[in-house]
Amino acid sequence: ACGDAPTDGGSDNADASFLACMVTDSGGIDDKSFNESAWAGMEAAEDENSDIDVKYKESSNTDDYDPNLQGSVDDGCDFIVGVGGLMSANVTTAAQANEGVGFAIVDGSPSDAEGAPVETSNVYSIQFDTAQSAFLAGYVAAAQTQTGTVATWGGMQIPPVTIFMDGFAEGIAKHNEDKGTDVKLLGWDEAAQTGTFLNNFEDAAAGKSTSDTFISQGADILFPVAGPAGIGALTAAEEAGDAVNAIWVDTDGFESTDYGSKLITSAEKGLAQAVQDAVLAAYDGDAGNGTYVGTLENGGVGIAPFHDFDAAVSDETKAEVEALTQQIIDGTLVVESPASPAAS
Amino acid sequence: MRLELKGLTKKFGSFTADDDIDLAVEPGQIHAILGENGAGKSTLMNMLYGILQPTSGEILIDGEPMAFSGPGDAIAAGIGMVHQHFKLVGPFSVADNVQLGREHTRGAGVLSARAARRAVLDVSEQYGLRLDPDAVCEDLPVGVQQRVEIVKALSGPKTELLILDEPTAVLTPAEITELLQIMRNLAASGTSILFISHKLKEVQAVADKITVIRRGKVVAELEPTASESEMASAMVGRAVSLQVDKTPAAPGEPRLEVKDLTVVSDAGVKVLDGLELTVHAGEIVGLAGVEGNGQTELARAILGLVKPDEGHIAVDGNDVHGRSPARRIADGLGYIPEDRGRDGLVSEFSVAENIVLNQYRDAPYAKGGVVDTAAVHKRAVDSIAEFDIRTQSPDESASSLSGGNQQKVIIAREFSRPRRFLVAAQPTRGVDVGATEFIHSRLIAERDTGTGVLLISSELDEIYALADRIAVIYNGRIVGEVAPDTPREVIGRLMVGASAAPETQTQTDEDAAGGDR
Amino acid sequence: MSDSTTTEAPAEPPAPAEESESKPSFMRVFGGYLTEANSVMVTVYSLLLAFLIGAILLIVSDEYTRSTFSYFFARPQDALAASWYLVRDSYTALFEGAILNLNTLESYQAGQADFGNLLRPLSETLTYATPLIFTGLAVGLAFRAGLFNIGAQGQLIFGMMGALIVGFSLDLPIWLHLPLAIIAGGLAGGALGAVPGVLKAATGAHEVISSIMLNNIAALFLVWALGTSFLHSETKSDLVSKPVDESAMLPTLLSSFNPSLRVNLALIIGFAAAVFTWWLLSKSTFGFRIRAVGFNEHAAATAGMRIGSTYTTTMTAAGALAGLGGAALALGVSSGGITTNTALDYGFSGITVALLGRANPGGIVASALLFGALKAGALSAQPDVPVDISTLLQATIVLFIAAPALVKAILHLRTPRGGLVTLEAKGW
Amino acid sequence: MAVDTAPAPALVDDRAPARHARAGTVYAVLGLLLVAVAFTWLGGKSTVIAFDKTLTDASWSVPTFGAVLVLGLLCAAAGAWMLVGLPQRQFKLASTAGVAALVLALLFWAYSQEGTVFRAESILAGALFLSMPYIFGALSGVVCERSGVINIGIEGQFLMGAFTGVLVANITGSIYAGLVGAMVAGSLSTMLLALLATKYQVNQVVVGVILNLLALGFTSFMYDQLKKAEGFNDAFAVPVISWGPLADIPVIGPVLFQQKLFVYVGIVMVAVVWFLLYRTRWGLRTRAVGEHPAAADSMGVNVNRLRYWNVVAAGLLAGFGGAWFTLGNSLAFNKNMTAGLGFVALAVMIVGRWNPLGVLAGALIFGFTTQIARDLSAAGSSVPGEFLQMLPYAVTLVVVAGLIGKAKAPAADGVPYNPGDK
Ligand SMILES: Nc1ncnc2c1ncn2[C@@H]1O[C@H](COP(=O)(O)OP(=O)(O)OP(=O)(O)O)[C@@H](O)[C@H]1O
Ligand SMILES: Nc1ncnc2c1ncn2[C@@H]1O[C@H](COP(=O)(O)OP(=O)(O)OP(=O)(O)O)[C@@H](O)[C@H]1O
Ligand SMILES: [Mg+2]
Ligand SMILES: [Mg+2]
């Protein structure tokens, strides 16, 4: 209706022939989490190919998915990326109703309202086995802790969050098993699937006070899985002095946050890259109904460089991480979380 | 100070409340203003005090035209005012209420409690108005609150003109005598006084000059020598009978029996203390007493709003214990509350809705949980005619009625349904002579139909005019039951807890004076 | 709760009547109407003023348009044109999202789109308005009894859960299942609503505190409950509930035109609830009591009305209304499963809706529709119109409608006969 | 003078009013329940209390059974005292003792689980710090509502303060300038409330709701606008103020003498607002205007002007409280980061009965229970996290229903004042 109104970002390719659209999950475009990363991927695709234009629509809750998907179809989008596993069924339905449009679903796969898998011709699925990267992060944390206690906490108890916490817990367990250590993890009990959650992703002050509590209970490495609220853990670590550090999630926190000096590493999830690739593939007509699962093997997930901690992390640990990575890629070591893509 | 009003006019929209009023108050003069409810007296005073701005006309003080943009200006010009409706901050102490707006500070805006207390004591000593500066105003009996208002008005830096808008409505006879004396003293010392009252005796007793206002216009200037009925007919525009015609009572069986009634307030005070009282069918028992001695609680206990801690209340021989107020009302209890603004009316409701306020669920006003608007309307139209309620329509909100007419709405509500017993608390408070006459005659008529009536009034005149028997309440107890021809002094002594015999009077005065909380 | 018996001033003195002997022409009367601060014109002007402010915000927020202002004095036409197009397109987009899509209209006239497509914006508006009708009524009803029900949010959440549980756990025919599920929603909401009422009646606890606390408790309870195996979806790992059975879903109203038109029976139930609430308040003896207690509890008590039980029943009824709003969500648009986000801020918006509707059921429906339209329009117009601008626009519209005196002052309107219609001012 | 209207001196009743008996029953039953709990579950358990900051190794291990038993009996005794009848004046004492015993017993019980340690210093210090936003928000509410203007927009003022605080700190490079900026921003946003409430007589609850919406929209919008540029939203940290040797005193030191600026300002403001309200001319007039504006007006107080400036000044407090979220926690601004705490502050104001000292108590209850909930959750309590998070809300509900009872708002709160026909 209003194609000549400038779109957000300003770097739009005004006379592009291919329109790629994104529908966010609740949390919005700047959630410092998967919506933001996905949008970064969309914009990267736009920068890469001047014939691509990108747009987004924000959802405030699940009820907005359908109108936003429909609105994107009405806007004439050629490729529509739905972010969040909750949107799987909605994307699938929209795809079935609009065979001529390409779709993608991030953190989910085509399914019906009941969650049962569905065969489609035009939904591309993007998923990540972040348990793998979190596993390595957990191993590093166990190796680096001085107090023998590390902690994790989440924004909400949902699969994209708990998969990190599961992997982290398993990494610590692995270290304890291999090296005979007795590192304790606070904030998450993998077996019981219970732990500490803020029940929101915004309240960084609550994140900080929760982290302070963990620190007072002896934790010296924090692993917050809570989007923007997770920043609270970093400020808590900063205030606590040199003894307490943190590990970030999703992106390399050394670059994406202001607290690089406190971050030993990050459990990365190559969401932006994957979305960018998907958009570019769609432009070439290659997206179709493929599935992409980001793993250590294809580099879709991984742990970030140690940056300032390069010297602090021993060569031995580095070598072990290397070896574990190889084992996971080989399949000799399986990191499993109830929230892993295979299980969903 | 010489005050002169020239052509003072106040319009509210298209309604003219005061119309071209000319008036002069000489220094040291007590100038009374008479008029029906809604005649425009308070409006006039409010203009003088800067609360309202005149639509046209001039206010001259010592020949100088004044423009008051607010009460602050009036106060600065030496005017003090006692408002008809108390303007006291309830939770504040007396001292704080008096110092509000002209605070005693120790510099830098920090209050000096001692100076404020001292100031109150000074003024109250000077005029003989006893007050405890530390008492919390909302806990005080209305009579004492009135005294606070007067002290407030006198505490101005140089009050030369004092406006008293119905200051005596809530005072006891003795307090009134006292106030009138204070007024005389003030006038003698040169203070001008504008005095509004519906009680013609007082006006006669104290005024140097009387101006009568009707419908916003000055209709007469009278001398204090004018008779009461002259004043009344000037006000109302017709002859008014000031005498209540009544035949001797023919008491029947007991309608209300109160035995050993004890009520303890939330603060742990025994407000009723073993009260005993019986009212028979076809008689009016006047309950005389200084306000705050348990009258309110007695009335509320009879209605069922207050749960007795001990004792029994029986209506028609049946113990009403455990019966809800609604049930008691349905059983024929009528209730005219003393505070009509608070307990009597829902002021946002229409006149019609207020008339059926305690019958809205009964036939014919409701059927099957649905209000029958037509029936309510019809009832309202009838009542408005019967009780001469001055309102533009039954759908007018009660708040737009004058106080006297608001009172008639309550009277209409209680008087046009079958009733066996009636509690009438201060039924004519603040009501003009015409309406008072009307209400009194209705009360007598009510008695004559065989209803038992408990008349609670702080006005001895009213009690004498209506009561067939007088009970005096003091400290939550009936301290005496006397015949209606008992001399005032005897009742007056009973009211302050002294025995009926005159010898103890001096003694009592000392006690009572020290007893202000 | 306080009333203003002590302030004797009226709202605003009516302007002196303009006396004109000759019979005024229609145009004069009409012109007079337009320049008068009556409630219709105040609403119209409120919208216009809000859109004017919105336009400024749009221009300021748009980088390109802002850049044209940097050389405004060199080439003003650039800035003016850019602003004009931006504002026009943005508001067109809002309008198209909320009421009628002009492109679709063209295609429809050309025979390329079906009628259902034309209805979509309206359907969305009505869909978003539906829960607001219920929560608005929930706040409005309590308001009439002098209670500030800030707890509609929690009551809506409970209603959602109640309807959901009956909706998936029973196996019944639709004519029984759907009504039962709806009633369960009302009951659950009513149960939560009763708590502040009972506490106030029994201990004097302030309903505002207890409602705020219960909102938080309800929201956390939902998070916990969604995690339990009883509520949690059997097929999805996300924090989402089981879907309700087909037999408990609210039938859609317009899906015969187009299956994607979501507006459902709950809208009709909402209208019915509004009519019922209106009837209750203005016709029933219970409503008489509610209003009497709301205006003056002392006089009501003296007239024999039971104050405590009025509080309790009113709060329960209010909770039930909000609960029905929850049922509308759980059995309607979110019948595929509710999440922690499903309730959004419908309960809090209900406060604004109720106050804007002057706590009158009719007004509440109207303001719910306005809010629904703003939400639908905002959703469809993004990202061209940033969502935050839509929020600001909403706030500004409400602000002006709630402040007739402000509109009157800004536009120098005349006071109508009978004074300005202002929202009743109420204390706690 | 002939007679006087003196009412008789109050006769103080010696019997317990009915509500004392009711409360007594509740306390007695709860106390006995605790005793039962002790016998059923707590045998052999112990509760560890540690002083983690000043005396790292010192900890006490208290047998939970004994502690809960004693406290339960104490609570029951308080109830019994009320039941047999006690003077009015001592009712408060008894109920406070009962509640204190109850709360302590519950704490002993909660911390008896394996692996949980009551770290007195960090818990209390954390609790005090967490109470601060409520203190500032509720004090702002007190100043507004004492003058008769309902301020339901505290949440919005928090957001404005939080956002502007960081922004100004970034631009000027000074955290103190940031704090001033936050106050000014809070005050600017209440100015709209002040104007609409006094001059245009708009329903104040509506204005409050609108202010919240406006603040949310505005800060989110500005956040997006500034996100693209560097150096507008970087975190700034308020330094911790350590009072030298005082900070080393066990428990008291870390709790009281080693806190951030906000804590000291908060406590001082409670005292200051209390003093201003109850001891100064401004306070007298403010309270009068909130109770009975016509009375104040008739004594020459300009009601609407006083209300206007009070509301504007109250915005300073709320804005400062907003800065707690960002500057106080060394955080950058984030959309909607105040997470509804403004509404809780409103509740704290009512719990505190519109009195600064009550506000302090209410805020401490909230801060303490929040901190306890977080601590227990972090320690791996078996109670689901959501229920732990409900703790502050549930406790408030109980306190309000059981202890506070009827809270009376200033009589003219929320009622616009129209002086005469001016
Ligand atoms: N604020 C107002 N707005 C509109 N009309 C008013 C207002 N105040 C007073 N009036 C009108 O002015 C008339 C005079 O009122 P006023 O209070 O002066 O009467 P009054 O002589 O003092 O009566 P009373 O004896 O009952 O005190 C009333 O009948 C009323 O209709
Ligand atoms: N908002 C209003 N609109 C119209 N009239 C009003 C308004 N407010 C007050 N009045 C009128 O002002 C007059 C005086 O008001 P006030 O409250 O002083 O009455 P009152 O003193 O209770 O009456 P009375 O002295 O007869 O008992 C009343 O007659 C009332 O009708
Ligand atoms: Mg008068
Ligand atoms: Mg009057």
Side-chain angles (χ1 to χ4, degrees), chain B residues 12 46 49 51-53 69-72 75-76 81 83 87-92 96-97 99-103 105 109-111 128 130 141 143-144 152 172 174-175 177-178 264 266-270 273 290-293 474-475 492-493 495-497 505 508-509 511-517, chain D residues 1-20 86-89 91 146 275-306 354 405-406 408 410-412 418-422:
Chain B
F12 294 108
N46 284 339
Y49 195 60
I51 291 178
L52 293 174
Q53 310 302 307
S69 65
I75 295 169
M81 177 159 174
H83 300 266
K87 298 218 192 291
L88 293 176
V89 183
F92 278 16
D96 281 348
N97 263 302
Q99 71 167 327
L100 180 61
R102 42 173 177 250
E103 294 79 0
T105 60
V110 178
L111 295 176
R130 270 157 235 257
V144 181
K152 243 172 81 177
T172 58
E175 285 172 323
T177 319
E178 188 183 331
V264 181
D266 274 351
V269 178
K270 263 190 192 170
D273 188 10
V290 175
E291 282 199 60
N293 274 288
Y474 175 73
N475 248 342
R493 277 196 302 276
M495 279 167 67
V496 294
Q505 191 181 333
T508 319
D509 275 353
D511 287 347
D516 264 2
R517 275 185 295 156
Chain D
M1 202 172 59
V3 286
D4 203 358
T5 59
L11 301 171
V12 176
D13 183 36
D14 43 349
R15 297 167 316 145
R19 77 189 163 100
H20 289 197
L86 77 182
Q88 177 71 22
R89 242 172 307 123
F91 177 74
R146 277 294 186 163
F275 182 83
L276 288 178
L277 265 183
Y278 294 104
R279 290 289 181 271
T280 66
R281 166 164 52 202
W282 171 83
L284 187 78
R285 294 182 173 197
T286 294
R287 286 180 290 131
V289 153
E291 276 301 329
H292 196 335
D297 188 14
S298 78
M299 298 303 282
V301 176
N302 188 331
V303 174
N304 281 328
R305 189 168 65 198
L306 185 59
W354 291 269
K406 198 169 174 69
K408 204 160 147 283
N418 207 329
D421 60 349
K422 272 179 287 183

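Just so it is clear, the values below take in all heavy atoms, side chains as well, and ignore hydrogens, waters and symmetry mates.
Within the 4.5 angstrom heavy-atom criterion, atoms from both the backbone and the side chain of B/L100 approach chain D.
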(request) Show your reasoning for whether side chain to side chain contact (heavy atoms under 4.5 Å, CB included) applies to D/L284 and B/E103. (result) CA-CA 9 Å; D/L284 187 78; B/E103 294 79 0; 3.6 Å; yes
(request) Test B/K87 against D/M299 for side chain to side chain contact (heavy atoms under 4.5 Å, CB included), laying out the working first. (result) CA-CA 9 Å; B/K87 298 218 192 291; D/M299 298 303 282; over 6 Å; no
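With respect to chain B, the highest number of heavy-atom pairs below 4.5 Å among D/G283, D/G300, D/S298 belongs to D/S298.
The distance from the CG atom of B/L88 to the CD atom of D/E291 is 12.0 Å, given to the nearest 0.5 Å.
In this structure, the side chains of D/R279 and B/L111 stay at 4.5 Å or more apart for every pair of heavy atoms.
Side chain of D/R285 to main chain of B/G101: a donor-acceptor pair is present (N/O by atom type, distance under 3.5 Å, no hydrogens or angles).
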